[in-house]
Amino acid sequence: MPKFHPLKIRDIRRETGDCVSIGFDVPAELKKEYAFEPGQHLTLRTHLEGEEIRRSYSICTSPFSGELRVAVKKVAGGRFSSFANEKLRVGQTLDVMTPMGTFSTKLSPGQARHYVAFAAGSGITPVISILKTALEIEPASFFTLFYANQRASSIIFIEQLDALKSKFMERLSVHYILTQEDPGTELLHGRIGERKCRLLCNAFLDTADVDEFFLCGPEEMIKDVKGALSKMGVDSRKIHFELFAAASANKTGSTIKWTPPARPVLSEITITLDGKTFTFDHTSSGLPILDAAQKTGAGLPYACKGGVCCTCKAKVLEGAVEMEVNYGLEPEQVAAGYVLTCQSHPKTSRVVLSFDE
Ligand code: FES
């Protein structure tokens, strides 16, 4: 079960004009709880003007660095990201949820693989964690990164990436793509859409030789790159993706609209959390199950409420539900009965869910 603990801010580093990274002190007794996989994220919680705000940010360090750090890019109108960039100070404490997320892969020293990532803007955050860890743990593996930004000055972690290029000269190649500045070559200029993805792949790699792809950025980029890769014959099981705005439901900019069922189902919902079980009645045309449960006073875990972060994941033990969107669960998890309760509506007259499975 994910849990919040208050963690003190050890340092705040300015990465670009509109992005800071925040390092946390983890007390010795919590080290185990905050052990993480590369690519995972943390949900931060605070109160601003009397309102509770939760946002998820990807961890940008590697597990063996001994450092727990996230990067927060200021977004227009973003209350938490503005607070983090302008007001947060070293020594303050934030509620930090234990690490979550499945945007990752199993790494092992004996593997010789080629990993490729497409990232845009702050989508670099989980990718740099995976990249550093993979190159460190697997001495025979290669990594190719295509990283899109508006201009050179907005490239997050540019110094780290350049240092990594020097350290892993033979095994890491990084290609910066700029959308609002001329990088001197047409190939590296403009948004990463379907055509650009195909051109970049044709120029720099053979997709048949790539073992895994990681995509992190806005929904449109992910959709386009996935489309291009599948047209080039890449097996969808090799493609991992994470939406850039894991932070907030309403900021994912999703174009998918859910239509409530024409004939709503009245359902008895039973939920088990931390060994305790409670039941309430709910209709499929109303709020998602997570919100409906919260109205009854239940303290279920959540962060983004947008189908991205998986903090609200539970297993369906009886009955069936329908999800509005799912950007976070892998197909195997869905097949095993897991759902995102912030997106779920009952389909049967009885639904039994467990957060403890
Ligand atoms: S709360 Fe993030 S996926 Fe449900």
Side-chain angles (χ1 to χ4, degrees), residues 36-41 58 63 99-120 123-135 137-138 140-147 171-173 192-194 196-198 200-202 204-244 246 252 254 256 306-311 313 315-316 322-340 343 357:
F36 63 91
E37 297 289 324
Q40 286 196 304
H41 59 259
S58 294
M100 296 279 300
T102 54
F103 183 58
S104 205
T105 188
K106 279 266 163 286
L107 299 171
S108 146
Q111 285 179 165
R113 294 176 140 193
H114 185 188
Y115 303 105
V116 173
F118 288 86
I124 188 65
T125 318
V127 168
I128 199 170
S129 173
I130 297 168
L131 178 156
K132 285 191 269 198
T133 315
L135 291 173
I137 289 186
E138 298 183 351
S141 287
F142 291 79
F143 210 110
T144 303
L145 169 66
F146 299 106
Y147 181 21
R171 301 193 288 126
L172 170 63
S173 51
I192 305 183
E194 251 196 78
K196 181 71 73 189
C197 170
R198 209 177 47 248
L200 290 167
C201 288
N202 289 343
F204 297 109
L205 49 94
D206 181 353
T207 50
D209 289 343
V210 178
D211 297 280
E212 310 214 35
F213 289 88
F214 297 93
L215 324 179
C216 190
E219 189 178 6
E220 211 184 347
M221 183 201 89
I222 288 175
K223 196 173 100 246
D224 286 352
V225 173
K226 274 175 80 179
L229 293 177
S230 66
K231 281 184 195 155
M232 285 186 276
V234 175
D235 185 332
S236 64
R237 285 170 300 184
K238 289 183 173 181
I239 307 172
H240 311 272
F241 69 94
E242 178 154 281
L243 278 194
F244 171 74
T252 56
S254 171
I256 298 169
V308 178
C309 72
C310 297
T311 311
K313 175 178 75 118
K315 190 169 188 181
V316 178
E322 182 179 9
M323 285 191 276
E324 291 185 29
V325 295
N326 165 29
Y327 298 114
L329 294 176
E330 298 285 341
E332 313 81 72
Q333 292 177 298
V334 175
Y338 288 98
V339 294
L340 302 172
Q343 299 299 313
E357 295 280 326

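In this text the structure is predicted, and so the values were computed from the model without any measurement. The chain is numbered in sequence order, starting from 1.
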Please give me the minimum heavy-atom distance between [X] and [Y], naming the atom from each residue.
| X | Y | result |
| --- | --- | --- |
| Val325 | Gly306 | CG2-O, 3.7 Å |
| Leu243 | Glu219 | CD2-CA, 3.6 Å |
| Met232 | Cys197 | CE-SG, 4.3 Å |
| Leu340 | Met323 | N-SD, 3.3 Å |
| Cys201 | Phe118 | SG-CZ, 4.0 Å |
| Ala134 | Tyr115 | CB-CE1, 3.9 Å |

Approximate separation, where rounding is to 0.5 Å, of [X] [atom1] and [Y] [atom2]:
| X | Y | atom1 | atom2 | result |
| --- | --- | --- | --- | --- |
| Cys310 | His41 | SG | NE2 | 7.0 Å |
| Ile192 | Asp224 | CD1 | CG | 10.0 Å |
| Cys309 | Met100 | SG | CE | 6.5 Å |
| Thr102 | Glu242 | OG1 | CD | 7.5 Å |
| His240 | Cys216 | NE2 | SG | 13.0 Å |
| Gln111 | Ser108 | CD | OG | 4.5 Å |

TODO: Provide the full list of side-chain hydrogen bond (donor to acceptor under 3.5 Å, both in side chains) pairs with a residue in residues 328-337, sequence neighbours left out, each pair given once.
DONE: none
Open item on the list: For Leu229, run the side chain to side chain contact (heavy atoms under 4.5 Å, CB included) check against Val116, Val210, Ile239 and tell me which one passes.
Closed with: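 In the set Val116, Val210, Ile239, the residue that makes a side chain to side chain contact (heavy atoms under 4.5 Å, CB included) with Leu229 is Ile239.
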In chain order, what residues pass the side chain to side chain contact (heavy atoms under 4.5 Å, CB included) check against [X], with sequence neighbours excluded?
| X | result |
| --- | --- |
| Pro99 | Tyr34, Phe36, Gln40, Leu42, Ile59 |
| Ser230 | none |
| Lys238 | Val234, Asp235 |

Any residue meeting side chain to side chain donor-acceptor pair (under 3.5 Å) with [X], in chain and number order, not counting sequence neighbours:
| X | result |
| --- | --- |
| Asn326 | none |
| Ser141 | Glu138 |
| Lys231 | Glu194 |

TODO: Report the residues that fulfil ring-ring contact (aromatic ring centres under 6.0 Å, His included) with Phe103, sequence neighbours left out, ordered by chain and then residue number.
DONE: Phe214
Applying salt bridge (charged side-chain N to carboxylate O under 4.0 Å, His left out), can you list everything that pairs with [X], at least two apart in sequence or on another chain?
| X | result |
| --- | --- |
| Asp209 | none |
| Lys315 | none |
| Glu212 | Arg113 |

Open item on the list: Any heavy-atom pair between the side chains of Tyr338 and Glu357 that's under 4.5 Å?
Closed with: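 They are in contact (side-chain heavy atoms under 4.5 Å apart), so the answer is yes.
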Open item on the list: Any side-chain to backbone donor/acceptor pair from Thr144 onto Ser173? Under 3.5 Å, distance only.
Closed with: no
Would you mind writing out the side-chain donor-acceptor pairs for residues 123-133 within the sub-3.5 Å range, not counting sequence neighbours?
from, atom 1, to, atom 2, distance (Å)
Thr125, OG1, Ser122, O, 2.7
Ser129, OG, Thr61, O, 2.7
Lys132, NZ, Cys60, O, 3.1
Lys132, NZ, Gln160, OE1, 2.9
Thr133, OG1, Ser129, O, 2.5

